[in-house]
Amino acid sequence: MNAPARPRVRLATTSLAGCFGCHMSLLDIDERLFALLDRVEFDRTPLTDIKACGPCDIGLVEGGASNAENVEVLREFRRQCRILIALGACAVNGGLPAQRNHLDLEDCLTQVYLTGPGMQNGRIPDDPELPLVLDKVYPLHEIVRVDYFIPGCPPSADAIWAFLTQLLAGQEPVLGHGLIAYD
Amino acid sequence: MTRSLESACHPETLRRVAIDPVTRVEGHGKVTLLLDDDNQVHQARLHIVEFRGFEKFIQGRPYWEVPVMVQRLCGICPVSHHLAAAKAMDQVVGAHRLTPAAEKLRRLMHYGQILQSHALHFFHLSSPDLLFGFDSDVARRNIVGVAAAHPEVARQGVLLRKFGQEVIRVTAGKRVHGTSAVPGGVHKNLSLAERDGLLRDVYQMIAWGREAVALVRSLFEQNLPLYEDFGSFAAHGMGLVRADGALDLYHGGLRARHLDGSTLFDHLDTDRYREVIQEEVKSWSYMKFPFFRELGPEGGWYRVGPLARVTQCDSIPTPFAERERRDFLAFEGGAAARSTLGTHWARMIELLHAAEVIKALLQDDDLLSTDLLVQGARQRTGIGIIEAPRGTLIHHYEVNEDDVVEFCNLIVSTTHNNQAMNESIRVVARQHLDGREITEGLLNHIEVAIRAFDPCLSCATHALGRMPLVLELVDGSGGILDTRMTPGS
Ligand code: SF4
């Protein structure tokens with residue numbers, strides 16, 4: 001293989017309280033993935049076995065923050081990534097998981113783990129290995145500084161591609177009509 | 001059995017090793033191991049660390065929103081949730097028999113989903129372990145490494161997934177989180193151009209599906225002793241079959257088999273799932289542990305997904321996949337069909353089957369029909385069951401007179417496999433870790449076993465734990481200004 005002409009850009013991605021649909025949309029660039037791999041190197045992503053984020057140029061974060069572990073990972077990404085991007089509705093405003101924000105959590109637990117149908121010896125999970133749950137699902141910008149927001153549930157592959165290629169070319173990314181969606 | 005590794009007697013005296021997060025799977029999970037001074041493993045657990053509360057917040061929503069909302073549980077198999085909810089809501093609007101066009105369009109969407117998800121799982125997530133070795137260089141053990149060392153395998157994986165996603169796009173309207181399935185049918189038929197575009201490519205997909213099966217077979221042949229035993233255990237199995245016992249991933253009756261292959265129940269009407277399945281909660285996971293009511297929690301857990309389906313059905317109703325099923329069952333006297341890694345083989349047989357089903361459906365002119373919706377007498381209860389890529393998926397709703405959802409119960413595929421996955425990592429801990437210095441490569445062995453199940457830990461995440469809630473006031477740079485804890489009740 002020929003050595004890449006330009007130095008590779010380091011890219012990390014993670015999913016917090018998301019559904020992985022935004023990651024799927026990233027993979028929906030299909031064959032363009034191979035072109036992307038000529039330009040970027042993956043750091044921590046669900047596709048690699050790197051468990052902690054190292055210094056990166058770009059961090060893509062899917063999902064809002066719903067528990068203490070999400071907050072930790074988000075702060076790690078903010079510390080390590082020069083440019084941090086909130087990818088998709090959940091990261092931008094909490095998305096569907098934020099529908100729990102108006103509910104009483106105690107009710108939630110009881111219903112799912114104690115009084116739910118077909119339960120034998122219901123109990124509520126409480127092991128210290130389980131991360132603390134936050135009172136609400138928070139959008140990323142309420143916890144860390146975010147450089148760019150890409151709306152959509154999920155943003156289309158074309159939108160993600162256009163955004164990344166402009167960013168990699170050193171331009172200020174602009175998503176015009178047809179690439180911005182609020183579904 | 002390795003049941004004893006669930007809970008150590010004196011955890012406080014042991015050393016904790018964690019795999020956090022489990023990678024190359026969908027969703028959030030971690031594994032903890034407790035070891036003594038001689039590196040003997042005393043406890044091994046797969047924890048599901050995330051919650052959603054979906055069953056609760058769906059209550060109070062109008063029923064027609066549900067098929068679109070539920071997809072956001074999982075972006076890898078959104079179509080499965082979309083269709084399981086639509087099937088449940090079909091019952092609510094009294095649509096007991098869909099139009100032929102609607103049923104076939106939904107099937108097409110679903111088999112597109114099976115194809116894309118199986119391709120993603122095998123090529124993008126699991127193949128690096130199988131092609132490079134379980135303890136190979138961590139920097140290379142990913143799809144980028146596969147693209148460099150086996151470019152043709154990576155390319156086929158990417159294009160198989162793309163084809164499945166395109167089938168979803170033309171049937172659901174969008175690749176991720178489409179909207180076509182509605183209570184009583186679908187919104188969208190296929191245009192001639194859409195159909196012909198897919199038909200042009202489907203033969204190539206079938207050919208690559210056959211190559212993918214051959215690839216897994218050759219991996220078994222090269223590594224037989226390792227592959228046969230790796231993380232393997234005996235378990236009951238469950239899956240849908242159609243009336244003649246053949247594999248059907250969209251609709252059918254529930255079949256379950258004992259460890260010895262004898263029948264536990266068969267062709268069970270899916271409305272009766274609660275008569276056979278119960279769930280248990282353990283303090284250390286948000287994911288519940290289902291079991292067969294008749295056998296109890298200790299011995300009644302079971303496996304779902306490709307391995308259970310392919311070994312339990314009487315036949316696969318497409319020619320290439322049926323031949324592969326027979327070869328798979330016969331391989332080394334059934335060694336692959338009993339093994340955890342045999343799940344990958346079964347998964348590629350299903351991928352091939354999905355491509356064949358898609359071809360047959362595309363040749364059916366019903367897909368172009370505009371007769372798409374039916375309705376009947378309104379009903380309160382809707383139960384939709386479908387075979388998602390990872391196994392049986394159950395959606396159950398009660399809808400009141402005001403068209404509002406009052407109750408929701410979901411048992412997702414990965415939840416059915418909860419105990420089976422825990423069992424598998426305990427077998428691997430015994431087989432490969434006990435008494436050895438823990439290395440990254442050894443820990444990856446645990447993850448290889450988990451990946452065989454293709455867990456979708458994201459949709460397996462139900463609701464909140466009974467734990468203190470932490471409130472943090474944070475400034476713009478991430479510094480904590482104030483922290484408040486509310487006590488757990
Ligand atoms: S924005 Fe949509 S696709 Fe992305 S993680 Fe949230 S629910 Fe999933």
Side-chain angles (χ1 to χ4, degrees), chain A residues 1 17-25 27-28 30-31 33-34 37 42 46-49 51 66-69 71 75 78 95-97 99-100 103 105-109 111-113 116-127 129-135 143-145 153-154 157 183, chain B residues 20-21 23-24 26-27 32 47 49-53 55-57 69 72-76 78 124 138 141-144 147-148 158 161-162 165 175-177 274 277-286 297 409 444 458 462-472 474 476-478 488-489:
Chain A
M1 270 229 278
C19 78
F20 275 72
C22 291
H23 275 83
M24 288 303 97
S25 211
L27 287 180
D28 279 338
D30 300 329
E31 308 93 298
L33 178 65
F34 300 117
L37 292 180
F42 285 132
L47 293 170
T48 65
D49 288 342
K51 312 268 181 192
S66 145
N67 64 32
E69 189 206 5
V71 174
R75 292 210 179 116
R78 179 67 276 180
L96 184 100
Q99 291 209 22
R100 82 158 162 95
L103 295 175
L105 300 182
E106 186 65 28
D107 262 15
C108 248
L109 318 168
Q111 181 150 355
V112 176
Y113 293 109
M119 292 300 307
Q120 157 133 345
N121 308 326
R123 64 201 288 191
I124 292 172
D126 58 357
D127 194 89
E129 292 288 358
L130 301 178
L132 289 172
V133 175
L134 302 179
D135 62 328
I143 299 172
V144 298
R145 178 172 55 79
C153 179
D183 38 353
Chain B
D20 185 14
T23 45
R24 286 187 282 127
E26 195 241 1
T32 57
H47 308 264
V49 296
E50 217 192 348
F51 97 97
R52 289 292 161 79
E55 285 141 318
K56 180 76 184 156
F57 67 66
M69 279 179 76
R72 271 84 183 173
L73 284 173
C74 170
I76 294 201
H124 297 67
V138 62
R141 214 173 51 212
N142 52 53
I143 183 68
V144 183
V158 166
R161 177 180 178 281
K162 174 185 182 181
Q165 289 289 77
R175 279 183 168 200
V176 180
H177 302 333
R274 280 163 79 170
I277 296 171
Q278 240 183 317
E279 293 183 282
E280 181 185 28
V281 182
K282 299 190 180 180
S283 61
W284 45 271
S285 181
Y286 283 126
N409 187 38
N444 189 51
S458 168
H462 277 225
L464 271 174
R466 187 197 198 91
M467 46 181 41
L469 302 171
V470 63
L471 289 159
E472 285 182 351
V474 175
S477 59
S489 37

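The model shown is predicted, which means the values in this text are computed figures rather than measured ones. Lettering of chains follows the sequences in order, A, B, ..., and the numbering in each one begins at 1.
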Residue among P154(A), P97(A), A157(A) with most heavy-atom pairs under 4.5 Å to chain B:
P154(A)
Nearest heavy-atom pair of [X] and [Y]: which atoms, and what distance?
{"X": "Y286(B)", "Y": "Y113(A)", "answer": "O-OH, 2.6 Å"}
{"X": "M69(B)", "Y": "L96(A)", "answer": "CE-CD1, 3.6 Å"}
{"X": "D30(A)", "Y": "K162(B)", "answer": "OD2-CG, 3.2 Å"}
{"X": "G75(B)", "Y": "M24(A)", "answer": "O-CG, 3.1 Å"}
{"X": "S285(B)", "Y": "P125(A)", "answer": "O-CG, 3.3 Å"}

If you round to the nearest 0.5 Å, how far is CD1 of I143(B) from OG1 of T48(A)?
12.5 Å
Between H177(B), H124(B), R175(B), which residue shows the highest count of heavy-atom pairs closer than 4.5 Å to chain A?
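That would be R175(B).
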With chain A as the partner, which of T23(B), N142(B), T32(B) has the greatest number of non-hydrogen pairs under 4.5 Å?
T23(B)
Could you tell me which portion of C22(A) (side chain, backbone, both or neither) has an atom closer than 4.5 angstrom to a non-hydrogen atom of chain B?
neither
L47(A), part contacting chain B, at a heavy-atom distance under 4.5 Å
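Both parts, heavy atoms under 4.5 Å.
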Within the distance-only criterion (no hydrogens, no angle test), does the side chain of R141(B) pair as donor or acceptor with the backbone N or O of D49(A) below 3.5 angstrom?
no
For a side-chain contact (heavy atoms from CB on, under 4.5 Å) with V49(B), tell me which candidate from D127(A), V133(A), L130(A) qualifies.
L130(A)
If you measure from the Lys or Arg side-chain nitrogens to the Asp or Glu carboxylate oxygens, is any gap between D20(B) and K51(A) under 4.0 Å?
no
Relative to chain A, which segment of P21(B) carries a heavy atom at a distance below 4.5 Å: side chain, backbone, both, or neither?
both
